[in-house]
Amino acid sequence: MGILIQNGTIVTALDTYVGDVRTEGGTIVAIGSGFATEPGDTVIDASGQYVFPGGIDPHVHMELPFMGTVSADDFETGTAAGVAGGTTSIIDFVIPARDQNLMEGLAEWHAKADKAVADYAFHMAVTWWGDETAEWMRRCVQDEGIPSFKTFMAYRGAIGVDDYELIQVMKTARELGALTTVHAEHGDMVVELQNSLFAAGKTGPKYHARSRPAPVEGEATNRAIMLARMTREPLYIVHVTCQQSIDAISEARARGQNVMGETCPQYLLLDDSVYDKPGFEGAAAVMSPPIRPRGHQEPLWGALRSGILEVVATDHCPFNQVGQKDMGKDDFRKIPNGAAGIEHRLALMYTYGVLEGRLDLNQFVDVTSTRAAKIFGLYPRKGSITVGADADLVVWDPEATGTISVKTHHHKVDRNIFEGFQTKGTCSHVIVNGRVQYQDGDLRVERGAGRYLERTLG
Ligand code: URP
Ligand code: ZN
Ligand code: ZN
């Protein structure tokens, strides 16, 4: 007794074929064709539909204390919104405060994540360097199933690190066989530009983008790559947005350095006109790095298609316009940085990637699921359709159309940066750990059903 998905077009990062998938007790137990139904089976007729491995979003921030407030989706609502859009696993970031014990931060994140409806893992952000930090990093890798570390080159005076600290993280991660990930923006230059814009009376949301132009990111990406080169540490660059960063990653890879890059739908699909909306509306798209001017988006698609960028995450980090973003009504420096996106990643990448010929179906699966599983040590349990893998599956109706809106999304936030975007293709069924948790618009998730995923890198 389990779930039998019949006659679907099964799509993995490598193959596309018509077949049946049987799951039992949270695991894929058979893949083939012509399977007979068994008593008690839940049967899903997937004729004319695709079957994908559940999406993996390796960059989200649920319930994150940040810039004087807390991101609006908690682990329950955020993972539920993910399930509604076909994402069945997340990797969130433990972000301890500067001077906080990293292990104490981890305990806080475990307590918050207990209510997740889908499986979750953590990266550990190293927000400061002290006598005990290397030992905490060792415990993360060897005892806690966290073999990836996050560093912020931005956010000076808060969670950002300086170059000395970044070098220590890279060196220690290298010794531990762990992966360093980096938010690449020149923190001091951001402060300088923010302050001079503000002093000139430029206070609105659009000056957020002006204070963080592409060279701010490009410089930091280059610097992080060079530091990783000198410490011989692999590097994963989160939320890449611009040509300069693509060029830096591409050059590094061409000379044999292990540098990986991620981008997000908002950087592929929006341009900086989002900051010209009337009144304070541009604040909804205030995030770091900011949405770029026209001209950066097609190179990002090209980098994804050619494998220079390998992962599409969301950086899901929503803040309400009313009560949160408006903390920066008179000062763009105080607008909490971040926006929602976990629910729409697959539909946007399918509509604007696959249907517009920028990605093929296998690339779509790779960038939304399989590659993240491989890079971050979840594969083949996650990100694959193989016997023995977790039964996290998406049955995808390629004909269904929709319009993204704050009125219908499951994110717990009062704006949607993709408002009005048309989509074609959506989940008809989402199976999480062998249970159908979403079917034809009906979300039936279970608070606390998500499990913590310990990871190891191969
Ligand atoms: O604006 C953003 N991206 N907020 C979340 C924190 C981060 O930098 O990823
Ligand atoms: Zn970031
Ligand atoms: Zn982030």
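First listed ligand is number 1; within each ligand, the first listed atom is number 1.
As for Asp315, its N/O/S atom nearest the Zn ion (ligand 3) is the one called OD1. Sorting the N, O or S atoms of His61 by how far they are from the Zn ion (ligand 3) puts NE2 first. The N, O or S atom of His59 lying closest to the Zn ion (ligand 3) is NE2.
No side-chain donor from either of Glu108 and His110 sits under 3.5 Å from a side-chain acceptor of the other. Using a 3.5 Å distance cut-off with no hydrogens or angles, the side chains of Ser288 and Arg212 do pair a donor with an acceptor. Ser148 and Arg455 form a side-chain donor-acceptor contact under 3.5 Å, judged by distance and modelled atom types alone. Side-chain contact of Arg292 with Thr241: a donor-acceptor pair under 3.5 Å is present, judged by distance alone. Defined by atom type and a distance below 3.5 Å, a donor-acceptor pair is missing between the side-chain atoms of Asp247 and Ser250. Judged by distance alone, the side chains of Tyr267 and Gln297 never bring a donor and an acceptor atom under 3.5 Å apart. Remark: the Glu262 side chain and the His239 side chain contain no N/O donor-acceptor pair separated by less than 3.5 Å.
Contacts between Asp315 and ligand 1, counted as non-hydrogen atom pairs separated by less than 4.0 Å, involve the side chain only.
Not a single N or O atom of Lys150, backbone or side chain, sits closer than 3.5 Å to an N or O atom of ligand 1.
Because its NZ or CZ atom is not both nearer than 6.0 Å to the ring centre of Phe319 and within 45° of the ring axis, Lys325 does not count as a cation-pi partner of that residue.
Screening Val141, Leu179, Val94, Thr181 for a side-chain contact (heavy atoms from CB on, under 4.5 Å) involving Phe149 leaves a single residue, Val141.
Not one N, O or S atom of His239 sits under 2.8 Å from the Zn ion (ligand 3). Using a cut-off of 2.8 Å, one finds that His183 contributes no N/O/S atom close to the Zn ion (ligand 3).
Taking every heavy atom of Ser288 and a limit of under 4.0 angstrom, the matching atoms of ligand 1 come to 1 (O), 2 (C), 3 (N), 8 (O). Residue Cys317 has at least one heavy-atom neighbour below 4.0 Å for each of these atoms of ligand 1: 5 (C). Listed by number with element, the atoms of ligand 1 under 4.0 Å from a non-hydrogen atom of His239 are 8 (O), 9 (O). The atoms of ligand 1 that sit less than 4.0 Å from any heavy atom of Met287 are 1 (O).
Of the candidates Phe319, Phe66, Tyr155, the one placing a heavy atom closest to atom 7 (C) of ligand 1 is Tyr155.
For atom 4 (N) of ligand 1, the nearest non-hydrogen atom of the protein is Asn337 O, 3.0 Å.
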